[in-house]
Amino acid sequence: MARSRALAQAAADGVRKRDYLELVREPNLSVVVFRRLGWTPQQYYKWSDRLLAANFAFVLPTTHEGETVTRFAIVNPRTSVADVELILDTMAG
């Protein structure tokens, strides 16, 4: 569990350092909730579908206080900080 928490904190740090992302809440256990600035709900779903179709990542949109955002729920023990960074980078375009 400590590894998941550390990875969630690293993910939150990765969100903070990207000007196109914004942390919605501080990490809670292994969950990190964040938004892609300027995205519509449809863009979140298209992005999520693209990651899944490529067998790259399983990251789903969710809602927070009525707004579509996304979240990491880090449960795979093989997930690395590098994996999280790569996923965050896919939101740049």
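Positions are given from 1, in the same order as the sequence printed here.
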Would you indicate whether the side-chain heavy atoms of [Y] and [X] approach each other to under 4.5 Å?
X     : Y     : answer
Leu88 : Lys17 : no
Ile87 : Leu51 : yes
Met91 : Trp47 : yes
Phe72 : Val31 : no

Can you name the nearest heavy-atom pair linking [X] to [Y], along with the distance?
X     : Y     : result
Phe34 : Val32 : CD2-O, 3.7 Å
Ser4  : Ser30 : CB-CB, 3.7 Å
Val69 : Val33 : CG2-CG1, 3.7 Å

Do Asp83 and Arg78 sit within salt-bridge range, that is, some charged N less than 4.0 Å from a carboxylate O?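 So Asp83 does not pair with Arg78 through a salt bridge.
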
Answer yes or no: is there an ion pair linking Arg16 with Asp13, defined by an N-O contact shorter than 4.0 Å?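 Salt bridge between Arg16 and Asp13, a charged N being under 4.0 Å from a carboxylate O: yes.
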
Same apolar cluster (I L V M F W Y, side chains within < 4.5 Å links), Leu60/Leu52: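 Leu60 clusters together with Leu52.
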
Single-linkage hydrophobic cluster, 4.5 Å side-chain cutoff, Val84 and Leu23 together: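 As far as the 4.5 Å side-chain criterion goes, Leu23 and Val84 are connected within one cluster.
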
Step by step, work out the side-chain contact (heavy atoms from CB on, under 4.5 Å) result for Arg5 and Leu29. CA-CA 5 Å; Arg5 286 182 187 187; Leu29 299 176; 2.9 Å; yes

Sequence neighbours excluded, every pair satisfying side chain to side chain donor-acceptor pair (under 3.5 Å) that has a member inside residues 36-45: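 Output for this query lists Thr40-Gln42, Thr40-Gln43.
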
Test: side chain to side chain donor-acceptor pair (under 3.5 Å). Region: residues 57-76. Which pairs qualify, not counting sequence neighbours?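 Counting only pairs at least two positions apart or across chains, the side chain to side chain donor-acceptor pair (under 3.5 Å) contacts touching residues 57-76 are Arg35-Glu67.
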
Between OG1 on residue Thr79 and CD1 on residue Ile74, distance to nearest 0.5 Å: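 Going from OG1 on Thr79 over to CD1 on Ile74, the span is 6.5 Å.
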
